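When a residue number appears, it is its place in the shown sequence, counting from 1. Everything numeric here is computed off the predicted structure, so don't read it as measured data.
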Amino acid sequence: MHRPDGGLRRPAAIRLIATAMPDTSAIRCHGLVKRYGDVVAVDGLDLDVRFGECFGLLGPNGAGKTTTVEVLQGILPADAGDVQILGRTWGDHEHELRQRIGTQLQETRFPEKLTVLETTRLFRSFYRHGMPAERALGIVELEEKKKAWVKNLSGGQRQRLALAVALVSEPELLFLDEPTSGLDPQARRQLWDVLGTLRAAGRTVVLTTHYMDEAERLCDRVAVVDHGRVIALGTPRELIASLGAEHVVEFAVGGDPPAPEHLRALPGVREVRPEDGGVRLTVAQPHTTVPALLALLGREGAELTRLATHHATLEDVFLRLTGRSLRDG
C-alpha cells in the first residue's frame, strides 16, 4: 500500500489500522502533518484508537506527541492529512465535539483564589451534560481539599484537579498530555491509581508520556513516536517481544570488551550493542548468559567494572529502533 505522496506506508501501522472497523474507532487520522516554519513536528502520522482502550503515545520530548494531541483536540489546525474524532471532523462538528471530549494539558493554570470545588463547578458549567463537581472530585480523591484555595495545592493535587476538570462532562474521549510530568514518585503513583480506575471503567483515553513504565502499566496499546512519525505500534507486551528476548544484560570492562562475535556465541544472546562505554546484550535467560560471560571475560583477562541485568522494557524497544534512549530526547 502507498501513501498519497508516493512513499510506502509503514507495515506495522497498516496492519493494525486495517483490523479496526470504522465504527470501532474513537480516533482515526491518516497522513497527519504539522509544520512550524521549516520544522516538521508531525510527519505523515497514522493512528487508529479504538473505543474503550487506553492508547499511549510514547516518545522523548520533542518527538511530536503534544503537537499530535493538540491537532486531534482541535487546538491546532493540521497542515495535511485527515482527522476524525468520534466519527466527526473539527471543521463541521466543533461545538458537538467540545461537549464530548475531555482534556488534561501538560500544564493547566487555574485562578489561584478560587477553591477546588469552585474551580470544578466553573468548568462543569461549560457543558450541557455531565457529573456533579463533587463526584468528579471524589473520583480523583480530592474531596478533603474541596474548600482549599488552588494556590495552596501541591503539584500532585493540581494535576488531580486538572483531571477532575477534564472529567466533569463525562467525556466519551479523554486526552491526557504528560499527566504525571514533573511529579514526585508518590504523586505519580496516586495519579496512576486514578487512571487505572478510568481504564477499568472502559473509558477511552489517549495518553502521552515519555515514561516507559507508565505506558507499560496503563496502556492497552502504544504507538512509539520519533521525529513526528510512528515507528512501532502494538501492545506493550508485543513491542517488548519484538526484541526476541525478555532480558537485558549490561556490562563494562576496564579495557576493550570481547569481540562482538564472541559475545553473540554466548548461550541465550540475541543481540549485541555497544553503548556508553559498555556493552548491552539482549538475552533469553540471564542465568545461563551471565556465568558464560564471566568465564569469557576471565579467559580474556578483562576486568569487569560494571554488570547489571533487567527485564526488557519499552525503553529497550526505543533504543533498538533508534539507537537512542528515550531520556536522550
Determine whether the aromatic ring centres of residues Phe175 and Phe55 are separated by less than 6.0 angstrom. no
Closer than 4.0 angstrom, basic N to acidic O: yes or no for Glu271 and Arg320? yes
What's the verdict on side chain to side chain contact (heavy atoms under 4.5 Å, CB included) for Phe110 and Phe123, showing C-alpha distance, side-chain angles and the deciding distance? CA-CA 11 Å; Phe110 297 114; Phe123 280 85; 3.8 Å; yes
Same cluster or not: are Leu45 and Tyr36 linked, directly or through other Ile, Leu, Val, Met, Phe, Trp or Tyr residues, by side-chain heavy atoms under 4.5 angstrom apart? yes
Residues passing the side chain to side chain contact (heavy atoms under 4.5 Å, CB included) test with Ile75, sequence neighbours excluded, are Glu70, Gln73, Leu105
Which residue pairs pass the salt bridge (Lys or Arg N to Asp or Glu O under 4.0 Å) test when at least one of the two sits in residues 121-130, sequence neighbours left out? Arg121-Glu134
Does some side-chain heavy atom of Leu195 sit less than 4.5 Å from a side-chain heavy atom of Leu198? yes
Measuring from atom CG of Leu58 to atom CD1 of Ile231, what distance do you get when rounded to the nearest 0.5 angstrom? 9.0 Å
Only pairs at least two apart or in different chains count here, so list each salt bridge (Lys or Arg N to Asp or Glu O under 4.0 Å) that has a residue in residues 81-96. Arg88-Glu96, Glu94-Arg98, Glu96-Arg100
For the CG atom of Leu218 and the CG atom of Leu176, what is their distance to the nearest 0.5 Å? 9.5 Å
Pro286 and Pro291 have their tightest heavy-atom pair at O-CD, 4.0 Å
So, do Leu153 and Trp149 sit near enough that their side-chain heavy atoms are less than 4.5 Å apart? no
Judged by atom type as modelled, is there a donor-acceptor pair below 3.5 Å linking the side chain of Lys34 to the main-chain atoms of Pro77? yes
Exceeds 12 heavy-atom contacts within 6.0 angstrom, atom CZ of Arg189: no
For Thr120 and Ala136, work out which heavy atoms get closest and say how close. CG2-CB, 4.3 Å
Verify side chain to side chain contact (heavy atoms under 4.5 Å, CB included) between Leu114 and Thr119, making sure each step is shown before the conclusion. CA-CA 6 Å; Leu114 288 182; Thr119 301; 3.5 Å; yes
Leu163 vs Leu174 side-chain heavy atoms within contact, under 4.5 Å: yes
Lys145, NZ atom: more than 12 neighbouring heavy atoms under 6.0 Å: no
With a 4.0 Å cut-off, would you call Arg188 and Asp213 a salt bridge? yes
In sequence, state the C-alpha distance, the side-chain angles, and the governing distance for Asp46 and Arg229, and then conclude on salt bridge (Lys or Arg N to Asp or Glu O under 4.0 Å). CA-CA 8 Å; Asp46 294 344; Arg229 294 189 177 193; over 6 Å; no
Leu97 versus Leu86: any side-chain heavy-atom pair under 4.5 Å? yes
May I have the step-by-step check of side chain to side chain contact (heavy atoms under 4.5 Å, CB included) for Thr108 and Val165, ending in yes or no? CA-CA 10 Å; Thr108 305; Val165 163; over 6 Å; no
Check for a donor-acceptor pair, side chain of Lys147 on one end and backbone N or O of Thr115 on the other, with a separation under 3.5 Å. no
Heavy-atom side-chain contact between Leu321 and Asp226 under 4.5 Å: no
By salt bridge (Lys or Arg N to Asp or Glu O under 4.0 Å), which residues pair with Asp79, not counting sequence neighbours? none
Holding to ring-ring contact (aromatic ring centres under 6.0 Å, His included), I want the full list of residues that pass it with Tyr127, two or more places apart in sequence or in another chain. none
CG on Asp48 to OG on Ser25, rounded to 0.5 Å: 3.5 Å
Would you say that Leu173 contacts Ile85 through its side chain, given a criterion of any heavy-atom pair below 4.5 Å between the two side chains? yes
Donor-acceptor list for residues 245-263 side chains, cut-off 3.5 Å, not counting sequence neighbours:
residue	atom	partner	partner atom	Å
Glu250	OE2	Arg280	NH2	2.8
His262	ND1	Glu300	OE2	3.4

Quick one: list whatever passes salt bridge (Lys or Arg N to Asp or Glu O under 4.0 Å) with Glu53, sequence neighbours left out. Arg221
Walk me through it: do Leu281 and Arg270 pass the test side chain to side chain contact (heavy atoms under 4.5 Å, CB included)? CA-CA 7 Å; Leu281 307 177; Arg270 298 291 184 265; over 6 Å; no
Please report the shortest heavy-atom distance between Ala232 and Leu239, naming the atom on each side. CB-CD2, 3.8 Å
So which heavy atom on Val83 is nearest to which on Thr89, and how close? O-CG2, 3.8 Å
Thr68 vs Val225 side-chain heavy atoms within contact, under 4.5 Å: no
Please list, chain by chain and in numerical order, all residues satisfying salt bridge (Lys or Arg N to Asp or Glu O under 4.0 Å) with Arg35, sequence neighbours excluded. none
State, with a plain yes or no, whether a side-chain heavy atom of Leu304 is found less than 4.5 Å away from one of Leu294. yes
Decide whether Val33 and Leu76 are clustered together by the hydrophobic rule: side chain heavy atoms of Ile, Leu, Val, Met, Phe, Trp, Tyr closer than 4.5 Å, transitively. no
Taking distance alone, no hydrogens or angles, what donor-acceptor pairs closer than 3.5 Å link side-chain atoms of residues 154-161 to residues at least two apart or in another chain?
residue	atom	partner	partner atom	Å
Ser154	OG	Gln157	N	3.3
Ser154	OG	Gln157	OE1	3.3
Gln157	OE1	Ser154	N	2.9
Arg158	NH1	Glu112	OE2	3.4
Arg158	NH2	Glu112	OE1	3.4
Arg158	NH2	Glu112	OE2	3.3
Arg158	NH2	Val150	O	3.3
Gln159	NE2	Pro179	O	2.4
Arg160	NH1	Val140	O	3.4
Arg160	NH1	Glu141	O	3.0

Hey, does the side chain of Thr67 reach the backbone of Gly64 with a donor-acceptor pair shorter than 3.5 angstrom? no
State which residues pass side chain to side chain contact (heavy atoms under 4.5 Å, CB included) with Ala241; sequence neighbours excluded, sorted by chain then number. none
Mind listing the side-chain donor-acceptor pairs of residues 200-209 below 3.5 Å, one per line with the distance, residues two or more places apart or on another chain?
residue	atom	partner	partner atom	Å
Arg203	NH1	Pro171	O	2.9
Thr204	OG1	Gly52	N	2.7
Thr208	OG1	Asp177	OD1	2.4
Thr208	OG1	Glu178	N	2.9
Thr209	OG1	Tyr211	N	2.9
Thr209	OG1	Glu214	OE2	2.9

For Arg237, check side chain to side chain contact (heavy atoms under 4.5 Å, CB included) against everything at least two apart and list the hits. Thr235
Is there a path of hydrophobic side-chain contacts, each under 4.5 Å between heavy atoms of I/L/V/M/F/W/Y residues, joining Leu314 to Val283? no
So if you build clusters from Ile, Leu, Val, Met, Phe, Trp, Tyr with side-chain heavy-atom gaps below 4.5 Å, do Leu57 and Phe51 land together? yes
Does any donor atom in the side chain of His310 or Asp316 lie under 3.5 Å from an acceptor atom in the other side chain? yes
Hydrophobic cluster membership, with links at side-chain heavy-atom distances under 4.5 Å among I/L/V/M/F/W/Y: are Val71 and Val40 in one? no
Minimum heavy-atom distance between Ala215 and Pro236, given as atom pair plus value: O-CG, 4.0 Å
